[in-house]
Amino acid sequence: MAAPKKTVVGPLVGAVVQGTNSTRFLVFSSKTADLLSHHQVELTEDFPREGWVEQDPKEILQSVYECIERTCQKLAELHIDVSNIKATGVSNQRETTVIWDKLTGEPFYNAIVWLDLRTQPTLENLSKKIPGNNNFVKSETGLPLSTYFSAVKLRWILDNVRQVQKAVEEGRALLGTIDSWLIWSVTGGVNGGVHCTDVTNASRTMLSNIHSLEWDKELCDFFDIPMDILRNVWSSSDIYGRIKAGSLEGEPISGCLGDQSAALVGQMCFQEGQAKNTYSTGRFLLCNTGHKCVFSAHGLLTTVAYKPGRDKPVCYALEGSVGIAGAVIRWLRDNLGIINTSEEIETLAKDVGTSYGCYFVPAFSGLYAPFWEPSARGIICGLSQFTSKNHIAFAALESVCFQTREILDAMNYDCGIPLSHLQVDGAMTNNRILMQLQADILHIPVIKPSMPETTALGAAMAAGAAEGVGVWSLKPEDLSVIFMERFEPQIKATESEIRYSTWKKAVRKSMGWVTTQYPESGDPTIFSCLPLGFFIVSSMIMLIGARYISGISY
(Lines give C-alpha, C1' and ligand atoms only; values in the text may rest on other atoms or scores of the structure.)
Protein backbone atom coordinates (compact mmCIF):
# COMPACT_ATOMS: atom_id res chain seq x y z
CA MET A 1 0.00 0.00 0.00
CA ALA A 2 1.31 3.46 -0.86
CA ALA A 3 2.25 5.75 1.99
CA PRO A 4 -0.36 8.40 2.75
CA LYS A 5 0.26 11.66 0.95
CA LYS A 6 1.67 14.44 3.12
CA THR A 7 -0.60 17.43 3.64
CA VAL A 8 0.94 20.77 2.66
CA VAL A 9 -0.27 23.61 4.86
CA GLY A 10 1.98 26.39 3.58
CA PRO A 11 4.83 27.90 5.61
CA LEU A 12 4.68 26.95 9.30
CA VAL A 13 6.38 28.60 12.27
CA GLY A 14 7.19 27.04 15.64
CA ALA A 15 7.26 28.66 19.06
CA VAL A 16 8.98 27.53 22.23
CA VAL A 17 7.15 28.87 25.29
CA GLN A 18 9.31 28.28 28.33
CA GLY A 19 7.33 29.18 31.46
CA THR A 20 7.78 28.77 35.18
CA ASN A 21 5.60 25.67 35.47
CA SER A 22 5.94 24.10 32.02
CA THR A 23 7.53 24.15 28.58
CA ARG A 24 5.51 24.01 25.38
CA PHE A 25 6.25 23.85 21.67
CA LEU A 26 3.51 24.96 19.32
CA VAL A 27 3.30 25.13 15.53
CA PHE A 28 1.20 27.69 13.65
CA SER A 29 0.25 28.32 10.05
CA SER A 30 1.86 31.63 9.05
CA LYS A 31 -1.04 32.39 6.70
CA THR A 32 -4.00 31.81 9.01
CA ALA A 33 -2.42 31.85 12.53
CA ASP A 34 -4.14 28.49 13.14
CA LEU A 35 -2.56 26.29 15.81
CA LEU A 36 -1.79 22.93 14.17
CA SER A 37 -0.17 20.94 16.99
CA HIS A 38 1.62 21.30 20.28
CA HIS A 39 3.15 19.41 23.20
CA GLN A 40 3.67 20.39 26.83
CA VAL A 41 5.96 19.14 29.61
CA GLU A 42 5.49 20.14 33.25
CA LEU A 43 8.55 21.26 35.20
CA THR A 44 9.59 20.91 38.81
CA GLU A 45 10.52 23.79 41.10
CA ASP A 46 12.88 23.47 44.05
CA PHE A 47 12.35 25.37 47.30
CA PRO A 48 15.60 24.78 49.24
CA ARG A 49 14.66 27.30 51.93
CA GLU A 50 11.83 29.66 52.76
CA GLY A 51 11.70 32.30 50.01
CA TRP A 52 14.11 30.45 47.67
CA VAL A 53 12.86 29.24 44.28
CA GLU A 54 15.13 27.33 41.87
CA GLN A 55 14.91 25.23 38.71
CA ASP A 56 17.32 22.87 36.98
CA PRO A 57 18.51 24.50 33.71
CA LYS A 58 19.25 21.08 32.20
CA GLU A 59 15.70 19.90 32.92
CA ILE A 60 14.40 23.04 31.21
CA LEU A 61 16.60 22.44 28.16
CA GLN A 62 15.63 18.77 27.94
CA SER A 63 11.95 19.73 28.13
CA VAL A 64 12.43 21.98 25.08
CA TYR A 65 13.96 19.14 23.05
CA GLU A 66 11.21 16.77 24.15
CA CYS A 67 8.43 19.21 23.25
CA ILE A 68 9.89 19.86 19.80
CA GLU A 69 10.29 16.16 18.98
CA ARG A 70 6.87 15.14 20.30
CA THR A 71 5.16 17.96 18.40
CA CYS A 72 6.94 16.96 15.20
CA GLN A 73 5.74 13.38 15.73
CA LYS A 74 2.17 14.64 16.12
CA LEU A 75 2.49 16.67 12.91
CA ALA A 76 3.69 13.58 11.05
CA GLU A 77 0.63 11.68 12.33
CA LEU A 78 -1.48 14.47 10.82
CA HIS A 79 0.41 13.98 7.52
CA ILE A 80 2.01 17.41 7.84
CA ASP A 81 5.60 17.63 6.62
CA VAL A 82 7.79 19.15 9.36
CA SER A 83 10.05 20.58 6.64
CA ASN A 84 7.32 23.22 6.26
CA ILE A 85 8.44 24.70 9.60
CA LYS A 86 10.54 27.59 8.34
CA ALA A 87 11.52 29.24 11.65
CA THR A 88 11.15 29.00 15.42
CA GLY A 89 10.66 31.71 18.02
CA VAL A 90 11.44 31.61 21.73
CA SER A 91 9.37 33.08 24.54
CA ASN A 92 10.52 32.72 28.12
CA GLN A 93 10.06 33.48 31.81
CA ARG A 94 12.01 36.68 31.90
CA GLU A 95 14.03 37.47 35.03
CA THR A 96 15.04 33.88 35.90
CA THR A 97 18.85 33.80 35.85
CA VAL A 98 21.31 31.11 34.72
CA ILE A 99 25.10 31.08 34.67
CA TRP A 100 27.03 28.28 32.92
CA ASP A 101 30.44 27.11 31.70
CA LYS A 102 31.08 27.96 28.06
CA LEU A 103 33.69 25.19 27.82
CA THR A 104 31.56 22.31 29.12
CA GLY A 105 28.01 23.61 28.71
CA GLU A 106 27.25 22.71 32.35
CA PRO A 107 25.34 25.14 34.58
CA PHE A 108 27.33 26.22 37.64
CA TYR A 109 24.19 26.57 39.75
CA ASN A 110 20.45 26.09 39.54
CA ALA A 111 18.48 28.79 37.77
CA ILE A 112 17.28 31.35 40.33
CA VAL A 113 13.62 31.93 39.50
CA TRP A 114 12.09 35.40 39.21
CA LEU A 115 9.94 34.78 42.33
CA ASP A 116 13.00 34.09 44.52
CA LEU A 117 13.44 36.30 47.61
CA ARG A 118 16.91 35.31 48.87
CA THR A 119 18.41 38.55 47.53
CA GLN A 120 16.59 40.82 49.99
CA PRO A 121 19.75 41.44 52.11
CA THR A 122 21.73 42.03 48.89
CA LEU A 123 19.09 44.51 47.81
CA GLU A 124 19.18 46.39 51.10
CA ASN A 125 22.95 46.78 50.83
CA LEU A 126 22.65 48.06 47.26
CA SER A 127 19.93 50.53 48.25
CA LYS A 128 22.35 52.26 50.61
CA LYS A 129 24.57 53.10 47.63
CA ILE A 130 21.87 55.15 45.86
CA PRO A 131 21.71 58.86 46.73
CA GLY A 132 18.29 59.77 48.12
CA ASN A 133 17.66 62.42 45.47
CA ASN A 134 19.09 60.56 42.47
CA ASN A 135 17.69 57.09 41.76
CA PHE A 136 19.75 56.64 38.61
CA VAL A 137 18.87 52.92 38.50
CA LYS A 138 15.19 53.63 37.89
CA SER A 139 15.84 56.51 35.49
CA GLU A 140 18.18 54.38 33.37
CA THR A 141 16.27 51.07 33.54
CA GLY A 142 12.64 51.98 34.22
CA LEU A 143 12.71 49.50 37.11
CA PRO A 144 12.71 49.84 40.90
CA LEU A 145 15.35 48.06 42.94
CA SER A 146 13.69 44.72 43.64
CA THR A 147 14.44 41.05 44.21
CA TYR A 148 12.40 40.48 41.03
CA PHE A 149 15.11 41.40 38.50
CA SER A 150 18.18 39.53 37.28
CA ALA A 151 21.05 41.77 38.41
CA VAL A 152 20.54 41.12 42.13
CA LYS A 153 20.24 37.38 41.50
CA LEU A 154 23.53 37.42 39.62
CA ARG A 155 25.13 39.50 42.37
CA TRP A 156 24.03 36.88 44.93
CA ILE A 157 25.52 34.05 42.85
CA LEU A 158 28.81 35.91 42.45
CA ASP A 159 28.93 36.55 46.20
CA ASN A 160 27.99 33.05 47.34
CA VAL A 161 29.09 30.42 44.79
CA ARG A 162 32.87 30.02 44.76
CA GLN A 163 32.77 27.91 41.59
CA VAL A 164 31.21 30.83 39.72
CA GLN A 165 33.71 33.32 41.13
CA LYS A 166 36.56 31.13 39.85
CA ALA A 167 34.93 30.67 36.42
CA VAL A 168 34.48 34.43 36.02
CA GLU A 169 38.15 34.99 36.89
CA GLU A 170 39.14 32.37 34.28
CA GLY A 171 36.84 33.78 31.59
CA ARG A 172 34.69 30.62 31.38
CA ALA A 173 31.37 31.98 32.68
CA LEU A 174 28.40 32.96 30.56
CA LEU A 175 25.33 34.68 32.01
CA GLY A 176 21.83 34.59 30.65
CA THR A 177 18.16 34.68 31.26
CA ILE A 178 16.37 31.52 30.10
CA ASP A 179 16.19 32.67 26.46
CA SER A 180 20.00 33.01 26.32
CA TRP A 181 20.56 29.57 27.84
CA LEU A 182 18.18 27.93 25.37
CA ILE A 183 19.39 29.75 22.23
CA TRP A 184 23.06 29.12 23.09
CA SER A 185 22.36 25.44 23.70
CA VAL A 186 20.20 24.65 20.65
CA THR A 187 22.45 26.60 18.26
CA GLY A 188 25.47 24.48 19.14
CA GLY A 189 26.40 25.10 22.76
CA VAL A 190 30.11 24.50 23.25
CA ASN A 191 30.40 24.02 19.48
CA GLY A 192 29.67 27.58 18.42
CA GLY A 193 26.43 28.31 20.25
CA VAL A 194 25.20 31.90 19.93
CA HIS A 195 25.26 33.84 23.21
CA CYS A 196 22.58 36.51 22.80
CA THR A 197 19.34 37.94 24.09
CA ASP A 198 16.71 40.35 22.79
CA VAL A 199 15.88 43.86 23.96
CA THR A 200 12.78 42.76 25.91
CA ASN A 201 14.68 40.29 28.08
CA ALA A 202 17.68 42.61 28.46
CA SER A 203 15.36 45.32 29.78
CA ARG A 204 14.44 43.07 32.75
CA THR A 205 17.97 42.63 34.06
CA MET A 206 18.56 46.13 35.55
CA LEU A 207 21.82 46.14 33.57
CA SER A 208 20.50 47.45 30.25
CA ASN A 209 19.89 51.15 29.60
CA ILE A 210 16.27 51.48 28.49
CA HIS A 211 17.10 54.48 26.29
CA SER A 212 20.18 53.17 24.45
CA LEU A 213 19.06 49.49 24.60
CA GLU A 214 22.64 48.50 25.44
CA TRP A 215 24.44 47.19 28.51
CA ASP A 216 25.24 50.17 30.70
CA LYS A 217 28.69 50.51 32.27
CA GLU A 218 27.42 52.66 35.16
CA LEU A 219 24.81 50.03 36.03
CA CYS A 220 27.28 47.14 35.72
CA ASP A 221 29.70 49.03 37.98
CA PHE A 222 26.92 49.67 40.50
CA PHE A 223 26.09 45.95 40.71
CA ASP A 224 29.80 45.05 40.35
CA ILE A 225 29.11 42.73 37.42
CA PRO A 226 31.78 42.25 34.70
CA MET A 227 30.41 43.19 31.28
CA ASP A 228 32.32 40.45 29.45
CA ILE A 229 29.99 37.72 30.81
CA LEU A 230 26.95 39.45 29.29
CA ARG A 231 25.55 38.46 25.92
CA ASN A 232 24.90 40.42 22.72
CA VAL A 233 21.58 42.29 22.59
CA TRP A 234 19.55 41.83 19.39
CA SER A 235 16.14 42.92 18.19
CA SER A 236 13.11 40.71 18.89
CA SER A 237 12.93 39.54 15.27
CA ASP A 238 16.24 38.43 13.76
CA ILE A 239 18.05 35.24 12.74
CA TYR A 240 20.17 34.53 15.83
CA GLY A 241 21.40 31.12 14.70
CA ARG A 242 20.28 27.70 13.46
CA ILE A 243 19.17 24.60 15.32
CA LYS A 244 21.98 22.03 15.36
CA ALA A 245 20.15 18.78 16.14
CA GLY A 246 16.80 17.01 16.04
CA SER A 247 13.84 17.19 13.69
CA LEU A 248 14.32 20.93 13.06
CA GLU A 249 18.06 20.76 12.39
CA GLY A 250 19.17 23.61 10.15
CA GLU A 251 16.10 25.76 10.72
CA PRO A 252 16.61 29.28 12.09
CA ILE A 253 15.85 30.58 15.56
CA SER A 254 14.60 33.99 14.49
CA GLY A 255 12.29 35.38 17.16
CA CYS A 256 12.88 36.08 20.83
CA LEU A 257 10.56 37.86 23.26
CA GLY A 258 10.07 37.79 27.00
CA ASP A 259 6.76 36.05 27.66
CA GLN A 260 4.75 39.19 28.43
CA SER A 261 6.03 41.04 25.38
CA ALA A 262 5.21 37.97 23.29
CA ALA A 263 1.64 38.04 24.60
CA LEU A 264 1.37 41.75 23.75
CA VAL A 265 2.43 40.97 20.17
CA GLY A 266 0.17 37.90 20.01
CA GLN A 267 -2.78 40.04 21.13
CA MET A 268 -1.78 42.41 18.28
CA CYS A 269 -1.54 45.40 20.61
CA PHE A 270 0.57 47.36 18.12
CA GLN A 271 -1.12 50.72 18.69
CA GLU A 272 -0.30 53.15 21.47
CA GLY A 273 -2.80 52.74 24.31
CA GLN A 274 -3.66 49.10 23.60
CA ALA A 275 -3.25 46.79 26.58
CA LYS A 276 -3.39 43.10 27.49
CA ASN A 277 -3.47 41.16 30.74
CA THR A 278 -1.88 37.71 31.02
CA TYR A 279 -2.96 35.27 33.73
CA SER A 280 -0.17 32.76 34.27
CA THR A 281 1.96 31.89 37.32
CA GLY A 282 1.96 35.63 37.95
CA ARG A 283 -0.26 38.27 36.43
CA PHE A 284 1.04 40.90 34.01
CA LEU A 285 -0.75 43.91 32.53
CA LEU A 286 1.10 45.69 29.70
CA CYS A 287 0.06 48.85 27.87
CA ASN A 288 1.79 49.87 24.64
CA THR A 289 3.14 53.44 24.99
CA GLY A 290 4.56 53.66 21.47
CA HIS A 291 8.08 54.88 20.77
CA LYS A 292 8.42 56.89 23.97
CA CYS A 293 9.35 55.83 27.49
CA VAL A 294 6.59 56.68 29.97
CA PHE A 295 7.78 56.66 33.57
CA SER A 296 5.17 55.77 36.15
CA ALA A 297 4.28 57.80 39.21
CA HIS A 298 2.09 54.96 40.54
CA GLY A 299 4.34 51.93 40.95
CA LEU A 300 4.38 50.55 37.39
CA LEU A 301 7.45 49.48 35.42
CA THR A 302 8.73 51.03 32.22
CA THR A 303 9.84 48.24 29.94
CA VAL A 304 10.61 47.39 26.31
CA ALA A 305 7.53 46.05 24.53
CA TYR A 306 9.28 44.79 21.37
CA LYS A 307 11.67 45.77 18.58
CA PRO A 308 10.34 44.16 15.39
CA GLY A 309 13.64 44.09 13.48
CA ARG A 310 17.24 45.20 13.45
CA ASP A 311 16.47 48.51 11.73
CA LYS A 312 12.97 49.00 13.15
CA PRO A 313 12.13 51.43 15.98
CA VAL A 314 11.61 50.09 19.48
CA CYS A 315 8.22 50.21 21.21
CA TYR A 316 7.88 50.63 24.97
CA ALA A 317 5.23 49.63 27.49
CA LEU A 318 4.05 50.34 31.00
CA GLU A 319 3.76 47.13 32.99
CA GLY A 320 2.06 46.11 36.19
CA SER A 321 3.54 42.86 37.51
CA VAL A 322 1.93 40.69 40.18
CA GLY A 323 3.93 37.74 41.47
CA ILE A 324 1.12 35.33 42.36
CA ALA A 325 -1.91 34.58 40.14
CA GLY A 326 -2.09 31.02 38.82
CA ALA A 327 0.39 30.10 41.54
CA VAL A 328 -2.33 30.61 44.15
CA ILE A 329 -4.40 27.86 42.49
CA ARG A 330 -1.40 25.56 42.49
CA TRP A 331 -0.85 26.39 46.18
CA LEU A 332 -4.43 25.42 47.05
CA ARG A 333 -3.88 22.13 45.21
CA ASP A 334 -0.35 21.19 46.30
CA ASN A 335 -0.05 22.78 49.75
CA LEU A 336 -3.56 22.72 51.20
CA GLY A 337 -5.03 19.86 49.15
CA ILE A 338 -8.50 21.40 48.91
CA ILE A 339 -8.56 20.67 45.16
CA ASN A 340 -7.09 17.76 43.22
CA THR A 341 -6.79 19.56 39.87
CA SER A 342 -6.52 23.23 39.00
CA GLU A 343 -9.81 23.04 37.11
CA GLU A 344 -11.73 22.08 40.28
CA ILE A 345 -11.49 25.59 41.69
CA GLU A 346 -14.08 26.81 39.20
CA THR A 347 -16.57 24.21 40.45
CA LEU A 348 -15.95 25.08 44.11
CA ALA A 349 -16.32 28.80 43.45
CA LYS A 350 -19.43 28.34 41.31
CA ASP A 351 -21.17 26.31 44.03
CA VAL A 352 -21.16 29.26 46.45
CA GLY A 353 -20.98 32.27 44.11
CA THR A 354 -19.46 34.46 46.82
CA SER A 355 -16.52 34.61 49.21
CA TYR A 356 -18.96 35.39 52.07
CA GLY A 357 -16.72 38.22 53.28
CA CYS A 358 -13.52 36.18 53.05
CA TYR A 359 -10.50 37.94 51.47
CA PHE A 360 -7.28 36.26 50.35
CA VAL A 361 -4.09 38.27 49.74
CA PRO A 362 -1.60 35.79 48.17
CA ALA A 363 1.55 37.83 48.85
CA PHE A 364 3.72 34.70 49.06
CA SER A 365 6.73 36.55 47.61
CA GLY A 366 5.86 40.00 48.92
CA LEU A 367 3.81 42.45 46.89
CA TYR A 368 4.95 43.54 43.44
CA ALA A 369 3.29 46.43 41.56
CA PRO A 370 2.05 48.91 42.51
CA PHE A 371 3.42 48.53 46.09
CA TRP A 372 6.86 46.88 45.71
CA GLU A 373 6.64 45.76 49.32
CA PRO A 374 8.89 42.74 50.02
CA SER A 375 7.84 42.60 53.69
CA ALA A 376 4.26 41.53 52.82
CA ARG A 377 3.10 37.92 53.19
CA GLY A 378 -0.09 36.08 52.34
CA ILE A 379 -3.14 36.34 54.56
CA ILE A 380 -6.70 35.01 54.58
CA CYS A 381 -9.02 37.22 56.60
CA GLY A 382 -12.72 37.80 57.21
CA LEU A 383 -13.20 34.18 58.29
CA SER A 384 -16.25 33.00 60.23
CA GLN A 385 -17.64 29.63 61.34
CA PHE A 386 -19.58 29.59 58.06
CA THR A 387 -16.42 29.84 55.90
CA SER A 388 -15.73 26.71 53.83
CA LYS A 389 -13.13 25.67 51.30
CA ASN A 390 -15.55 26.86 48.61
CA HIS A 391 -15.45 30.41 49.96
CA ILE A 392 -11.65 30.31 50.15
CA ALA A 393 -11.57 29.09 46.52
CA PHE A 394 -13.83 31.97 45.50
CA ALA A 395 -11.67 34.45 47.46
CA ALA A 396 -8.56 33.10 45.70
CA LEU A 397 -10.09 33.85 42.29
CA GLU A 398 -11.25 37.26 43.50
CA SER A 399 -7.72 38.05 44.67
CA VAL A 400 -6.43 37.73 41.11
CA CYS A 401 -9.12 40.17 39.93
CA PHE A 402 -8.54 42.70 42.72
CA GLN A 403 -4.82 42.75 41.95
CA THR A 404 -5.65 43.49 38.32
CA ARG A 405 -7.88 46.37 39.46
CA GLU A 406 -4.96 47.86 41.43
CA ILE A 407 -2.75 47.75 38.36
CA LEU A 408 -5.43 49.07 36.03
CA ASP A 409 -6.09 52.05 38.31
CA ALA A 410 -2.37 52.89 38.33
CA MET A 411 -2.17 52.54 34.54
CA ASN A 412 -5.19 54.78 34.01
CA TYR A 413 -3.55 57.47 36.17
CA ASP A 414 -0.22 57.23 34.32
CA CYS A 415 -1.66 57.11 30.81
CA GLY A 416 -4.38 59.67 31.45
CA ILE A 417 -6.92 57.80 29.31
CA PRO A 418 -8.86 55.04 31.11
CA LEU A 419 -9.02 51.72 29.28
CA SER A 420 -12.46 51.04 27.84
CA HIS A 421 -11.94 47.26 27.87
CA LEU A 422 -9.28 44.71 28.83
CA GLN A 423 -7.85 42.07 26.49
CA VAL A 424 -6.85 38.92 28.35
CA ASP A 425 -4.89 35.73 27.72
CA GLY A 426 -3.20 32.87 29.55
CA ALA A 427 -4.30 29.48 30.84
CA MET A 428 -6.44 30.92 33.65
CA THR A 429 -8.75 32.63 31.14
CA ASN A 430 -10.37 29.23 30.56
CA ASN A 431 -11.99 29.75 33.98
CA ARG A 432 -15.27 31.49 33.14
CA ILE A 433 -16.01 32.36 36.77
CA LEU A 434 -12.68 34.20 36.92
CA MET A 435 -13.37 36.11 33.70
CA GLN A 436 -16.82 37.20 34.86
CA LEU A 437 -15.42 38.23 38.25
CA GLN A 438 -12.77 40.28 36.44
CA ALA A 439 -15.35 42.15 34.39
CA ASP A 440 -17.44 42.78 37.53
CA ILE A 441 -14.53 44.09 39.62
CA LEU A 442 -13.09 46.28 36.84
CA HIS A 443 -16.59 47.30 35.70
CA ILE A 444 -15.44 47.27 32.07
CA PRO A 445 -15.76 44.49 29.45
CA VAL A 446 -13.15 41.73 29.45
CA ILE A 447 -12.30 40.38 26.00
CA LYS A 448 -10.78 36.94 25.55
CA PRO A 449 -9.48 35.55 22.23
CA SER A 450 -10.91 32.21 21.14
CA MET A 451 -7.30 30.97 20.75
CA PRO A 452 -5.68 31.64 24.16
CA GLU A 453 -2.10 30.77 23.13
CA THR A 454 -1.20 34.38 22.42
CA THR A 455 2.27 34.17 24.01
CA ALA A 456 3.23 31.40 21.59
CA LEU A 457 1.56 33.24 18.72
CA GLY A 458 3.59 36.38 19.44
CA ALA A 459 6.88 34.43 19.44
CA ALA A 460 5.88 32.73 16.18
CA MET A 461 4.94 36.06 14.57
CA ALA A 462 8.31 37.57 15.50
CA ALA A 463 10.16 34.53 14.12
CA GLY A 464 8.18 34.36 10.89
CA ALA A 465 8.52 38.09 10.20
CA ALA A 466 12.32 38.19 10.63
CA GLU A 467 14.43 39.45 7.74
CA GLY A 468 15.69 36.39 5.89
CA VAL A 469 12.59 34.36 6.83
CA GLY A 470 9.72 36.60 5.71
CA VAL A 471 6.83 34.12 5.90
CA TRP A 472 4.67 36.16 8.30
CA SER A 473 3.50 39.67 7.47
CA LEU A 474 2.93 42.06 10.36
CA LYS A 475 1.15 44.64 8.22
CA PRO A 476 -2.25 45.41 9.80
CA GLU A 477 -4.13 44.48 6.64
CA ASP A 478 -2.44 41.06 6.52
CA LEU A 479 -2.99 40.05 10.15
CA SER A 480 -5.51 37.29 10.75
CA VAL A 481 -8.73 38.18 12.54
CA ILE A 482 -8.87 36.70 16.04
CA PHE A 483 -12.35 35.85 17.27
CA MET A 484 -13.15 37.13 20.75
CA GLU A 485 -15.43 36.26 23.63
CA ARG A 486 -16.75 39.20 25.63
CA PHE A 487 -17.61 39.29 29.36
CA GLU A 488 -19.73 42.26 30.43
CA PRO A 489 -20.01 43.53 34.04
CA GLN A 490 -23.08 42.06 35.78
CA ILE A 491 -23.02 43.90 39.13
CA LYS A 492 -23.53 47.53 40.07
CA ALA A 493 -20.50 49.79 40.22
CA THR A 494 -21.24 50.57 43.90
CA GLU A 495 -20.99 46.88 44.84
CA SER A 496 -17.71 46.59 42.94
CA GLU A 497 -16.31 49.58 44.83
CA ILE A 498 -17.34 48.22 48.25
CA ARG A 499 -15.66 44.86 47.60
CA TYR A 500 -12.53 46.56 46.24
CA SER A 501 -12.35 48.90 49.24
CA THR A 502 -12.46 45.91 51.61
CA TRP A 503 -9.76 44.16 49.57
CA LYS A 504 -7.46 47.18 49.98
CA LYS A 505 -8.00 46.99 53.73
CA ALA A 506 -6.84 43.35 53.64
CA VAL A 507 -3.78 44.30 51.57
CA ARG A 508 -2.72 46.84 54.20
CA LYS A 509 -2.92 44.10 56.84
CA SER A 510 -0.61 41.86 54.77
CA MET A 511 2.26 44.35 54.87
CA GLY A 512 5.13 44.49 57.33
CA TRP A 513 5.12 40.82 58.35
CA VAL A 514 8.78 40.13 57.60
CA THR A 515 10.62 42.17 60.21
CA THR A 516 14.10 40.65 59.95
CA GLN A 517 16.38 39.77 57.08
CA TYR A 518 16.77 36.25 55.77
CA PRO A 519 20.01 34.81 57.13
CA GLU A 520 22.61 33.77 54.61
CA SER A 521 22.58 30.26 56.07
CA GLY A 522 20.47 28.18 58.41
CA ASP A 523 16.74 28.37 58.94
CA PRO A 524 14.87 31.47 57.77
CA THR A 525 13.13 33.72 60.24
CA ILE A 526 9.79 32.46 61.54
CA PHE A 527 8.26 35.85 60.77
CA SER A 528 8.35 35.11 57.03
CA CYS A 529 5.88 32.23 57.34
CA LEU A 530 3.71 33.37 60.24
CA PRO A 531 0.75 35.23 58.63
CA LEU A 532 -0.91 32.69 56.34
CA GLY A 533 -0.19 29.75 58.61
CA PHE A 534 -1.47 31.72 61.59
CA PHE A 535 -4.75 32.58 59.91
CA ILE A 536 -5.31 29.02 58.67
CA VAL A 537 -4.56 27.40 62.03
CA SER A 538 -6.55 29.97 63.98
CA SER A 539 -9.50 29.54 61.64
CA MET A 540 -9.39 25.76 62.19
CA ILE A 541 -9.41 26.29 65.97
CA MET A 542 -12.28 28.75 65.66
CA LEU A 543 -14.32 26.36 63.50
CA ILE A 544 -13.76 23.42 65.87
CA GLY A 545 -14.62 25.59 68.87
CA ALA A 546 -17.78 26.90 67.25
CA ARG A 547 -18.95 23.39 66.45
CA TYR A 548 -18.20 22.20 69.98
CA ILE A 549 -20.09 25.06 71.58
CA SER A 550 -23.14 24.55 69.36
CA GLY A 551 -23.21 20.81 70.10
CA ILE A 552 -22.30 19.70 66.58
CA SER A 553 -20.12 16.57 66.45
CA TYR A 554 -18.01 15.29 63.56
Side-chain angles (χ1 to χ4, degrees), residues 279 283 322-365 367 376-406 428 431-438 440-441 490-492 494-513 527-554:
Y279 301 78
R283 213 265 309 113
V322 171
I324 303 295
V328 73
I329 313 303
R330 195 171 184 178
W331 183 84
L332 291 175
R333 183 193 69 188
D334 297 345
N335 292 43
L336 291 195
I338 69 172
I339 54 175
N340 294 317
T341 67
S342 297
E343 292 73 24
E344 284 182 30
I345 193 168
E346 184 171 6
T347 302
L348 289 182
K350 186 176 181 180
D351 284 347
V352 289
T354 176
S355 69
Y356 201 75
C358 174
Y359 286 81
F360 191 162
V361 183
F364 300 154
S365 297
L367 290 169
R377 285 297 179 272
I379 65 170
I380 301 174
C381 56
L383 299 172
S384 74
Q385 70 271 22
F386 184 72
T387 305
S388 69
K389 66 179 183 180
N390 299 64
H391 299 114
I392 292 174
F394 193 97
L397 294 182
E398 263 194 327
S399 74
V400 176
C401 302
F402 286 131
Q403 290 177 105
T404 300
R405 169 71 186 271
E406 289 171 334
M428 290 184 76
N431 187 320
R432 299 182 64 82
I433 296 291
L434 176 67
M435 292 297 95
Q436 186 57 58
L437 273 172
Q438 189 67 89
D440 290 343
I441 290 168
Q490 293 182 354
I491 65 173
K492 293 180 180 180
T494 51
E495 181 183 345
S496 175
E497 290 302 320
I498 290 169
R499 287 158 65 178
Y500 181 48
S501 177
T502 310
W503 156 263
K504 289 194 287 187
K505 183 179 178 181
V507 170
R508 289 193 293 271
K509 291 183 181 296
S510 76
M511 295 181 183
W513 284 99
F527 294 114
S528 65
C529 56
L530 172 66
L532 195 49
F534 173 79
F535 277 106
I536 291 171
V537 172
S538 62
S539 67
M540 297 275 293
I541 294 170
M542 180 178 65
L543 287 169
I544 293 169
R547 289 173 184 267
Y548 176 78
I549 292 168
S550 59
I552 299 173
S553 60
Y554 286 97

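Ring geometry, W331 versus F360: the interplanar angle exceeds 60°, so the pair is classed perpendicular (tilted spans 30 to 60°). Taking the six-membered ring where the residue is Trp, Y500 and F402 present parallel rings, their angle staying beneath 30° rather than reaching 60°.
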Please assess I392 against L332 for the test side-chain contact (heavy atoms from CB on, under 4.5 Å), listing each intermediate value before the final yes or no. CA-CA 9 Å; I392 292 174; L332 291 175; 4.3 Å; yes
Please assess I441 against T404 for the test side-chain contact (heavy atoms from CB on, under 4.5 Å), listing each intermediate value before the final yes or no. CA-CA 9 Å; I441 290 168; T404 300; over 6 Å; no
side-chain contact (heavy atoms from CB on, under 4.5 Å) between S355 and R499: does it pass, once the steps are laid out? CA-CA 10 Å; S355 69; R499 287 158 65 178; over 6 Å; no
Just do the side-chain contact (heavy atoms from CB on, under 4.5 Å) check on I329 and L397 with the steps written out, would you? CA-CA 8 Å; I329 313 303; L397 294 182; 3.9 Å; yes
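With rounding to the nearest 0.5 angstrom, the CZ atom of R432 is 10.5 Å from the CE atom of M435. Summarising the geometry, atom CZ belonging to R405 is positioned 7.0 Å from atom NZ belonging to K504; distances are rounded to the nearest 0.5 Å. With rounding to the nearest 0.5 Å, the separation of CD1 in I491 from CD in E497 is 9.5 Å. Atom NZ in K492 sits 13.5 Å away from atom CG in D440 (nearest 0.5 Å). Expressed to the nearest 0.5 Å, how far CD1 of I339 lies from CG of D334 amounts to 8.5 Å. Between the CG atom in N390 and the OG1 atom in T354 there is a gap of 11.5 Å [rounded to 0.5 Å].
Panel note: side chain Q438, backbone L434; no donor-acceptor pair is recorded below 3.5 Å. Between the side chain of S399 and the backbone N or O of A396, at least one donor-acceptor pair lies under 3.5 Å. Under the 3.5 Å distance criterion, the side-chain polar atoms of S510 are left unmatched by any main-chain donor or acceptor of A376.
No side-chain donor-acceptor contact under 3.5 Å links W503 and E398.
Between L437 and F394, the shortest heavy-atom contact is CD2-CZ, 3.7 Å. Of all heavy-atom pairs spanning I433 and A349, the tightest one is CG2-CB, 4.3 Å.
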